[in-house]
Asks: 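Below is a structure I'd like to ask you about.
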2 protein chains.
Amino acid sequence: MASERDEEGGTGTLGKAMSVLEAVALAERPMRFTDVLAVSGQPRGTLHRQLSHLVQEGLLELRPDHAYVPGLRLLKLASASWARNEFRAVAAPFLEALHRQTGETVHLGVLRGREIIYLDKVESRQAVRMNSQIGNASPAYCTGVGKAALAALDAEALDALLSGLEFRRFTPQTITSRAALLDELARIRLSGIAFDREEHEPGIRCVAAPVFDAGRALVAGVSVTGPAYRVGEVQLDDWAPRVRHAAGAIMAELSARLGPQR
Amino acid sequence: MASERDEEGGTGTLGKAMSVLEAVALAERPMRFTDVLAVSGQPRGTLHRQLSHLVQEGLLELRPDHAYVPGLRLLKLASASWARNEFRAVAAPFLEALHRQTGETVHLGVLRGREIIYLDKVESRQAVRMNSQIGNASPAYCTGVGKAALAALDAEALDALLSGLEFRRFTPQTITSRAALLDELARIRLSGIAFDREEHEPGIRCVAAPVFDAGRALVAGVSVTGPAYRVGEVQLDDWAPRVRHAAGAIMAELSARLGPQR
DNA sequence: AACTCAGTTCCAAATAATGGAATTTTTGGA
DNA sequence: TCCAAAAATTCCATTATTTGGAACTGAGTT
């Protein structure tokens, strides 16, 4: 039994709570009770209690005007998550080197499901702040790091991810078919380099290379990104070897630092 | 009834899950099952299921060597929490102005219970990265922003916070008695300025001013911080009016931007 | 081979979550 | 200011999930 019931948001009570939390936290604007009710599809009473619990736990905040906004406890947890991420720590010096070599923005992103989550970013100008990009998620199929990461997956895992994937067209260049994506991934596997020529955001180009570690079940990517007016084909080709080299160096350091054994 | 039962980690299943999550996420080093068992005080079976759920939800990650580490979903949630925080957004330009005026590190922290949670930080040198400080929590009674925030509380709220508060001595200058803290808060209320002369970390001094908004139930503080060798009494006194001014400007902007009404 | 310790699975009993409907509060229009 | 409609909150018998002691597995040791 229960063949088609369990799909997402499934871990008993916790799963439901998290799915409500995410709905509220990732919404563009503050949501009131009824807004949440509409997207959550849960009965009034149930949802109300779930929200109350989330508020009591400090994961959400209930403003005086009845709007639910993300709570501060999330920040506390995330700073730990970021500061203690070993992969990020290992990669950091290589990202900085890559930034010095290119002068453009460098990203580190890991694959999580069909999304890329940005773990780190090195950028020149701009005041020092938690970058809004860090922690952000983008679809894997239309970003440089995303495609690089997908190319590092084995056939089985890739197939699982791709089944049922819906392609959304972000720009005229976005890849919107499974066949085209598979072609692109084959090309990336051969060259070890993924390009993003304004496929996700108009005016933004990037070069990326895969970083993976089977032993740690880690699939990620590094990239150098810049505005199209500054970054032409020549520039992309010039950066490609440097990005590939950085990716290789990170992988080498990973196995050296975190043990070639276990 | 239920007089001494409910205290912390109390919101049914969610509360227990969060308390386990926090124990793992805020630990210094990765914890294995038995380590968590020791601190959580829960039965084996129960804890095992809770951890499994947290892993399934992506809040924790279970490494191949059986160590639990914070998961990536936390980052995703936190970036939303940070990016969408209206108070932070309103204060940001004033923090930057304060940084330009002083050349030293500027903090914005809000009071949550007995702790100060740092919401933002502006700092000069140092590569651009999510600052480890953001999202960090420190005890309120021994930090500049913390004392400033406490001074903005009314007698009743302050009393509730102080009852049962344990003073930990971080440095020889740390305030370690309720009476001394109340004296200090009275002084802060008069002058509108809180100093931290190496009370929390040796070699670190700071000037802070309270930022609060009764309508929004917001109690916070802004500060300028620097190393003792560069920051003497003269410097502190010189910055004090600027910090107080920035705090005032933030409060004014708050009521202007987010509505003088509700 | 026997032992130990860490991790995992099992299942009847206990507990917390559910959800439909009633109640209270807020909103905004007359 | 008052009233009606909408939104938010509370209630509680039913139902589903969590609980936790104990038994099991398996890797590493003596």
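Chain letters run A, B, ... following the sequence lines, proteins first, then strands; residues in each count from 1.
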Asks: Could you check whether any side-chain N or O of B:S81 sits under 3.5 Å from a backbone N or O of A:L72, counting only pairs where one atom can act as donor and the other as acceptor?
Replies: no
Asks: Within this structure, what is the NE2-to-P distance between A:H53 and D:dT17, rounded to whole angstrom?
Replies: 17 Å
Asks: Can you tell me how the ring of A:H107 sits relative to the ring of A:Y118, calling it parallel under 30°, perpendicular over 60° and tilted otherwise?
Replies: tilted
Asks: Round to the nearest Å and state the distance from A:H48 atom NE2 to C:dT25 atom C1'.
Replies: 11 Å
Asks: To the nearest Å, give me how far apart CD (B:Q56) and P (C:dT8) are.
Replies: 13 Å
Asks: Would you please name every residue forming a ring pair (Phe, Tyr, Trp, His ring centres under 6.0 Å) with B:F33, sequence neighbours left out?
Replies: B:H48
Asks: Report the end-to-end axis angle of the helix from C:dA1-D:dT30 to C:dA30-D:dT1; each axis comes from five terminal pairs, and the value is rounded to 10°.
Replies: 40°
Asks: Rounding to a whole Å, what distance do you find between A:L47:CG and D:dT9:C1'?
Replies: 12 Å
Asks: When you measure from every atom of DNA chain D, which of residues 29-37 of chain B have a heavy atom less than 4.0 Å away?
Replies: none
Asks: Rounded to the nearest 0.5 Å, what separation is found between the CG atom of A:L21 and the CG atom of B:L14?
Replies: 8.5 Å
Asks: Sequence neighbours left out, what passes ring pair (Phe, Tyr, Trp, His ring centres under 6.0 Å) with B:F94? Give chain and number order.
Replies: none
Asks: Quick one: which protein N/O atoms are closer than 3.5 Å to N/O atoms of nucleotides 20-25 of chain D? Pair and distance per line, please.
Replies:
residue, atom, partner, partner atom, Å
D:dG20, N7, B:T46, OG1, 3.4

Asks: If I take atom CG in residue A:D65 and atom P in nucleotide D:dA7, what distance separates them, rounded to the nearest angstrom?
Replies: 15 Å
Asks: Excluding sequence neighbours, so at least two apart, what forms salt bridge (Lys or Arg N to Asp or Glu O under 4.0 Å) with A:D35?
Replies: none
Asks: With sequence neighbours excluded, tell me which residues meet ring pair (Phe, Tyr, Trp, His ring centres under 6.0 Å) with A:H200.
Replies: A:F170
Asks: Which residues pass the salt bridge (Lys or Arg N to Asp or Glu O under 4.0 Å) test with B:R44, sequence neighbours left out?
Replies: none
Asks: Name the residue closer to the 5' end of DNA chain D, choosing between A:L14 and A:S52 according to the nucleotide with the nearest heavy atom.
Replies: A:S52
Asks: Answer yes when B:R112 and A:E61 have at least one side-chain N-carboxylate O distance shorter than 4.0 Å, and no when they do not.
Replies: no
Asks: Name the pairs: protein N/O against N/O of nucleotides 12-15 of chain D, kept only if under 3.5 Å.
Replies:
none

Asks: Donor-acceptor check, side chain of B:Y141 to backbone of B:R178, threshold 3.5 angstrom: yes or no?
Replies: no
Asks: To the nearest 0.5 Å, tell me how far A:Q50 CD sits from A:S19 OG.
Replies: 8.0 Å
Asks: Rounded to whole angstroms, how far apart are CD on A:Q50 and C1' on C:dT18?
Replies: 9 Å
Asks: Does B:T13 make a side-chain N or O approach to OP1 or OP2 of D:dT17 shorter than 4.0 Å?
Replies: no
Asks: Specify the separation, in whole Å, of atom NZ of B:K16 and atom C1' of C:dA14.
Replies: 11 Å
Asks: Does B:K76 have any salt bridge (Lys or Arg N to Asp or Glu O under 4.0 Å) partners at least two apart in sequence or in another chain, and if so, which?
Replies: A:E115
Asks: Can you list the residues that meet the ring pair (Phe, Tyr, Trp, His ring centres under 6.0 Å) rule with A:Y68, with sequence neighbours excluded?
Replies: none
Asks: A:R114: which residues meet the salt bridge (Lys or Arg N to Asp or Glu O under 4.0 Å) condition with it, sequence neighbours left out?
Replies: none
